[in-house]
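What follows is a single structure, written as structure tokens, with notes after it.
Predicted model only: the values in this text are computed from it and were never measured.
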Amino acid sequence: MKREAVTAVRIRPGTEADIAEIIRLSDAIWRHSVAKMLGIDLHHWPAIAGIMHAELIPIARAILVAARGSDVVGYSYRDSAMIEDLWVDPAFQGTGVGPQLLRAQVEAIAASGYRTASLECLEANVHARRFYEREGWRPVYRYSRPSPLFHRDIPRIRFEYDVWRPGRS
């Protein structure tokens, strides 16, 4: 079933006040799909939430938030030309929030003068991989990164996108 497009979503810079909402959203995503994808028990969430809170404080203002009213329905963080995170509330997936966040990040990367944008995706996240490919991103290599929290390697795929293409300004 195709979901209705969300037109009342606004992309804006994050603030420290958004941290609790980002963690709430991350918990929903964890419970909806990520824990299962990784084959991890849900009991890991409290440790992850604590780590997230500490890591979000210094970068909160660098996060882009997709907000519907006062609710955070998606967020994305980038470091230079690398999109580190892009997550959408499961209830809002398929409504256009993901493409809005991704385009906003690509525009910011282009405005910073980079020619190529990069991101990494969990290899197990087939839904996200298909989304990035539909948006014009290309997979460039696969690798595994050790996870001290989960005591094993997590397979990932690196994607790239040409920010400056012929005919684009």
For R142, what residues pass the salt bridge (charged side-chain N to carboxylate O under 4.0 Å, His left out) criterion, not counting sequence neighbours?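 Result, salt bridge (charged side-chain N to carboxylate O under 4.0 Å, His left out) vs R142: E123.
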Among all residues two or more places apart in sequence or in another chain, which pass the salt bridge (charged side-chain N to carboxylate O under 4.0 Å, His left out) test with E16? R61
Inter-residue atom distance [X].[atom1] - [Y].[atom2], 0.5 Å rounding:
X	Y	atom1	atom2	result
R129	R134	CZ	CZ	12.5 Å
T95	R68	OG1	CZ	8.5 Å
D85	I63	CG	CD1	7.5 Å
M52	D27	CE	CG	9.5 Å
L102	L64	CG	CG	11.0 Å
I11	Q100	CD1	CD	5.0 Å

With a 4.0 Å cut-off, would you call [X] and [Y] a salt bridge?
X	Y	answer
D162	R138	yes
E133	R130	no
R12	D18	yes

What I'd like to find out is whether the side chain of [X] reaches to under 4.5 Å of the side chain of [Y], using heavy atoms alone.
X	Y	value
C121	F131	no
V65	P13	no
I83	W137	yes
Y161	I109	no
V163	R115	no
V73	V9	yes
I59	Y77	yes
F159	V140	no

Checking S26 against Y75: is there a side-chain donor and acceptor pair closer than 3.5 Å?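 Side-chain D/A pair, Y75 to S26: present.
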Between Q105 and S76, a side-chain donor and acceptor under 3.5 Å: yes
With a 3.5 Å distance limit and no angle check, can you tell me whether N125 reaches the backbone of A128 through a side-chain donor-acceptor pair? yes
Would you say the side-chain atoms of W164 pair up with the backbone N or O of Y114, donor to acceptor, closer than 3.5 Å? yes
Would you check, one step at a time, whether the test side-chain contact (heavy atoms from CB on, under 4.5 Å) holds for I154 with R145? CA-CA 5 Å; I154 306 294; R145 182 164 55 182; 5.6 Å; no
Which pair of non-hydrogen atoms, one from [X] and one from [Y], has the smallest distance, and what is that distance?
X	Y	result
P90	I29	CD-CG1, 3.8 Å
V72	R24	O-NH2, 3.0 Å
P146	D153	CA-OD1, 3.3 Å
V97	A66	CG1-CB, 3.6 Å

Verdict with reasoning, I19 to I57, per side-chain contact (heavy atoms from CB on, under 4.5 Å): CA-CA 7 Å; I19 291 174; I57 292 169; 3.9 Å; yes
Any chance you could lay out the side chain to side chain donor-acceptor pair (under 3.5 Å) test for E120 and Y143, step after step, and finish with the verdict? CA-CA 10 Å; E120 294 175 357; Y143 74 101; 2.5 Å; yes
